[in-house]
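Here the structure comes first, spelled out in structure tokens, and everything after it is commentary.
Residue numbers begin at 1 in each chain, while the letters A, B, ... track the order of the sequences.
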Protein chains: 2
Amino acid sequence: MRATDLPQVRALELFARVSESAFDSLVQAAYLQTFPAQLELIAEGDTADFLYVVVDGCVELFAKSNGRESTIGTVHPGGTFILAAVLKDAVYLMSARTAQKSRILLIPSEDVRTAFESDEAFARSIVVELARCYRTAIKEHKDIKLRTAVERLANRLLRYHQDQGARGNVELPYDKRLIASMLGMTPENLSRAFNTLKPYGVDVQGSCVSLSDISSLTRLAKPNPLIDDRDT
Amino acid sequence: MRATDLPQVRALELFARVSESAFDSLVQAAYLQTFPAQLELIAEGDTADFLYVVVDGCVELFAKSNGRESTIGTVHPGGTFILAAVLKDAVYLMSARTAQKSRILLIPSEDVRTAFESDEAFARSIVVELARCYRTAIKEHKDIKLRTAVERLANRLLRYHQDQGARGNVELPYDKRLIASMLGMTPENLSRAFNTLKPYGVDVQGSCVSLSDISSLTRLAKPNPLIDDRDT
DNA sequence: GTGAAGGCTTGATGAACATCAAGGATTGAG
DNA sequence: CTCAATCCTTGATGTTCATCAAGCCTTCAC
């Protein structure tokens, strides 16, 4: 890794209170690489050789079975993926591909486990991150099991709306194909779900969605902090 | 906690390599209690006052939203629940009720966090357990998103079959109502799914299921170790 | 520009699953 | 044993969602 890249890596929450020596041995054998969009980084079933940390861009986690494929989630700057597999020294349960051009830090698994044992602060960061991943997964699971497709879309729109400053319109952060897969439906059905939401003030123009009746959309969505809030 | 209970608690994997002093301070303020079946232990949204460890019996984790309810998973002896909420000092995302009469250890959250910081071995056990919980959740999520209801049932039957020694029949470990909810379907549909599996050698008699054509059932189920194996 | 490719939408149809209503089977209390 | 309660099953029906097929629309290479 080049010396000029170090500050950006050091600034990641994951390394916030880590000692100099532990940080040095973590990044010493690590790679910071830029990948183009749509590149498959890992495949489910592979052994966990590296921990991946997203520095810039966005990564999609997905899984296949029986010829079907589904998106499990996305990872943003500061987030890690495949952490549990690295800690357990097990195989990956998910595949990952870049959703956009992305800068990603790869740390050899062995070094992660070593630093985990030797550095208190790193261990604590790892646990906090793992707990966050777990709770995110549980929320996703509740979303899928307790809501219909239209409700999931409505709540996701409200979330993006909040994220983007609640200005009455939303820029979809991903392809519709990817959004559909995250929400557990087909692209065709996402299209129809948008139509279903038209009477609730939802108008789609390409990747820009205007929300002209938030209160009515909210009544339909019935958002639940124990599913939709990101950091509870 | 009574002195006679200590050995059984000490023997839990979670405490395996924990120092005497850390163990003592963990159990010092802990409760070991026996609860009857169908008792609600915690409700989603509550603040995480205790870590729960199942010593005997079985606990169901479930969640509600919009008047709907769904089972997220079950916890067996040696397993914990609500670990992530305790570590993050956040609210519970799931409710829990005993599925059977159960003995459960309650450790005050504060003590868990203290022991986590002071005892290496406990910290490691916690991380391993949390990683296991996470991976279990991901597998459940893949199960739901990538399979039909009948496929989920077929794979679950094969799992129970393995667990119970592969003798060609299976004793259902829970009520059908609970199994249906775990598999993300209604009790009516579970009944029909069992009928769908009849041509594959599946015969149900109350809580006893005979599997007379494992290979044909396996062909239908298409089991996937990255979904169905418990400890990969 | 023009053509091709890929993403998105729409319609028609069918499969998967939920809901409602009723009846049968078990279980447990008295 | 008998009754009531609960759980489970079955049938009829309707909703939700996927699939297939076609067409549109944007984008990009040439």
Parallel, tilted or perpendicular, as decided by the 30° and 60° cut-offs, for the rings of A/His76 and A/Tyr174:
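Ring orientation, 0 to 90° scale: tilted.
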Closest heavy-atom pair and its distance - B/Leu93, B/Glu44
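Shortest heavy-atom contact: O-OE1, 3.4 Å.
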Please give me the minimum heavy-atom distance between A/Ile227 and A/Arg147, naming the atom from each residue.
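A/Ile227 and A/Arg147 have their closest heavy atoms at CG2-NH1, 3.5 Å.
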Value rounded to 0.5 Å, distance of [atom1] in [X] from [atom2] in [Y]:
| X | Y | atom1 | atom2 | answer |
| --- | --- | --- | --- | --- |
| B/Glu188 | B/Lys176 | CD | NZ | 13.0 Å |
| A/Glu140 | A/Leu183 | CD | CG | 8.0 Å |
| A/Leu32 | A/Ile104 | CG | CD1 | 9.5 Å |
| B/Leu105 | B/Leu12 | CG | CG | 7.5 Å |

For [X] and [N], what is the distance between atoms [atom1] and [atom2] respectively, to the nearest whole Å?
| X | N | atom1 | atom2 | value |
| --- | --- | --- | --- | --- |
| B/Leu197 | C/dA16 | CG | P | 13 Å |
| B/Arg68 | C/dT19 | CZ | P | 8 Å |
| A/Gln38 | C/dA5 | CD | C1' | 15 Å |
| A/Asn195 | C/dC8 | CG | P | 15 Å |

DNA chain D contacts among residues 180-194 of chain A, heavy-atom distance under 4.0 Å
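A/Gly184, A/Met185, A/Thr186, A/Glu188, A/Asn189, A/Arg192, in order of number.
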Please evaluate residues A/Arg132 and A/Glu13 with respect to the criterion salt bridge (Lys or Arg N to Asp or Glu O under 4.0 Å), reporting the C-alpha separation (whole Å), side-chain torsions for both, the decisive distance (0.1 Å), and the verdict.
CA-CA 13 Å; A/Arg132 193 191 58 74; A/Glu13 180 61 25; over 6 Å; no
Chain A footprint on DNA chain D, 5' to 3' - any atom under 4.0 Å from a heavy atom
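From 5' to 3', the first and last contacting nucleotides are D/dC17 to D/dC20.
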